[in-house]
Amino acid sequence: DRQARTERLLEYALDMIGEEGIADFSLHKLARALGYTVGALYRYFPSKDAMIAELQTRAMKSLKQALVKTIQEGDRFAEERGAVAKVRALFKVKLATFFYELYSVRSKAPFRLNSYVIAEHKSVLNMDERLKVLGVMEDLLSGTLGAQLQKAAEAGAIREGESFAR
């Protein structure tokens, strides 16, 4: 069915990007690898930008879900052991950092996509697609990670502006 084919296209594209990088990815290469015509791919995605944006959005959302789950499990772990609020807050910040390091090893292709959108000053995406991805990224960084940092600051575990001083 269409959804299964779309998922297969995205999985294969993610694998290609993970191996070759986003700059070397093309719909021509993807079509050739899957035995499709390039035109057939356009029935699923209107452009290369749309496909990459979908991959980046999924990678960011997947990262956020896994990070939130890890932070929640870590908080339960710390609470069960009687950690005070300040220690729990700092533990969750450190856990988020460790999680991201581990994610870079275990999920290389999604990590590469996420890193590209965060670090690359020139995007391969058109502005509309880039704005979609940046909205998801903002939710991850400001919403999820920012919230943990704010909670740690409120608990007195960290102070604002102190990161560069350490």
Undergrad: Does Arg2 make a cation-pi contact with Tyr44 (under 6.0 Å, within 45 degrees of the axis)?
TA: yes
Undergrad: Charged N to carboxylate O below 4.0 Å: is that the case for Glu54 and Arg58?
TA: yes
Undergrad: To the closest 0.5 Å, what do you measure between CD (Glu11) and CG (Leu34)?
TA: 10.5 Å
Undergrad: Does Lys29 use its side chain to pair, donor to acceptor, with the backbone of Asp24 at less than 3.5 Å?
TA: yes
Undergrad: Using 0.5 Å steps for rounding, measure from the OG1 atom of Thr57 to the CD1 atom of Ile52.
TA: 11.5 Å
Undergrad: Can you hop from Leu145 to Phe99 via hydrophobic side chains spaced under 4.5 Å?
TA: yes
Undergrad: Do Tyr100 and Leu63 have side chains that approach each other closer than 4.5 Å (heavy atoms only, starting at C-beta)?
TA: yes
Undergrad: Any link between Leu14 and Met16 through a network of hydrophobic side chains (Ile, Leu, Val, Met, Phe, Trp, Tyr) touching at under 4.5 Å?
TA: yes
Undergrad: Does NZ in Lys108 sit with more than 12 non-hydrogen atoms of other residues, nucleotides or ligands closer than 6.0 Å?
TA: no
Undergrad: With rounding to the nearest 0.5 angstrom, report the CG to CD1 distance, Leu30 to Ile17.
TA: 8.5 Å
Undergrad: Sub-3.5 Å donor-acceptor pair from the side chain of Arg43 to the main-chain atoms of Gly39, do we have one?
TA: no
Undergrad: Go through it in stages, so that I can follow the logic: the residues are Ile22 and Gln56, the test is side chain to side chain contact (heavy atoms under 4.5 Å, CB included), and I'd like the CA-CA distance, side-chain angles, deciding distance and then a yes or no.
TA: CA-CA 11 Å; Ile22 200 166; Gln56 286 180 320; 4.1 Å; yes
Undergrad: Does atom CD of Glu154 have more than 12 heavy-atom neighbours, drawn from other residues, nucleotides or ligands, at distances under 6.0 Å?
TA: yes
Undergrad: Indicate yes or no: at least one non-hydrogen side-chain atom of Leu90 is less than 4.5 angstrom from one of Val87.
TA: no
Undergrad: Using a 3.5 Å distance criterion without hydrogens, assess whether the side chain of Arg112 forms a donor-acceptor pair with backbone atoms of Gly18.
TA: yes
Undergrad: State the NZ-CG distance between Lys92 and Leu67, to the nearest 0.5 angstrom.
TA: 11.5 Å
Undergrad: Which heavy atom of Ala78 sits nearest a heavy atom of Arg88, and at what distance?
TA: CB-CG, 3.6 Å
Undergrad: Got a second to check how far Lys151's NZ is from Ile71's CD1, nearest 0.5 Å?
TA: 8.5 Å
Undergrad: Would you say Met60 and Lys64 make side-chain contact, with heavy atoms under 4.5 Å?
TA: no
Undergrad: Please give me the minimum heavy-atom distance between Ala50 and Ser47, naming the atom from each residue.
TA: N-OG, 3.0 Å
Undergrad: List the steps, then state whether side chain to side chain contact (heavy atoms under 4.5 Å, CB included) holds for Phe91 with Asp75.
TA: CA-CA 8 Å; Phe91 177 67; Asp75 191 41; over 6 Å; no
Undergrad: Are Leu10 and Leu27 linked, directly or through intermediate hydrophobic residues, by side-chain heavy-atom contacts shorter than 4.5 Å (ILVMFWY only)?
TA: yes
Undergrad: Find out whether Tyr42 and Val38 are in side-chain contact, i.e. whether some heavy atom of one side chain is under 4.5 Å from a heavy atom of the other.
TA: yes
Undergrad: Between Tyr36 and Leu9, is there a side-chain heavy-atom distance shorter than 4.5 Å?
TA: yes
Undergrad: Would you name the heavy atoms of Ala85 and Ala155 that are closest together and state the gap between them?
TA: O-CB, 4.1 Å
Undergrad: Assess Arg106 against Tyr103: is NZ or CZ under 6.0 Å from the centre of the six-membered ring, and within 45 degrees of the ring's axis?
TA: no
Undergrad: Of all the heavy-atom pairs spanning Leu55 and Ala13, show the shortest one and how long it is.
TA: CD1-CB, 3.8 Å
Undergrad: Same cluster or not: Leu113 versus Tyr12, using hydrophobic residues (I, L, V, M, F, W, Y) connected whenever any side-chain heavy atoms lie under 4.5 Å apart?
TA: yes
Undergrad: For the atom pair OG1 (Thr37) and NE2 (His28), what is the distance rounded to the nearest 0.5 Å?
TA: 10.5 Å
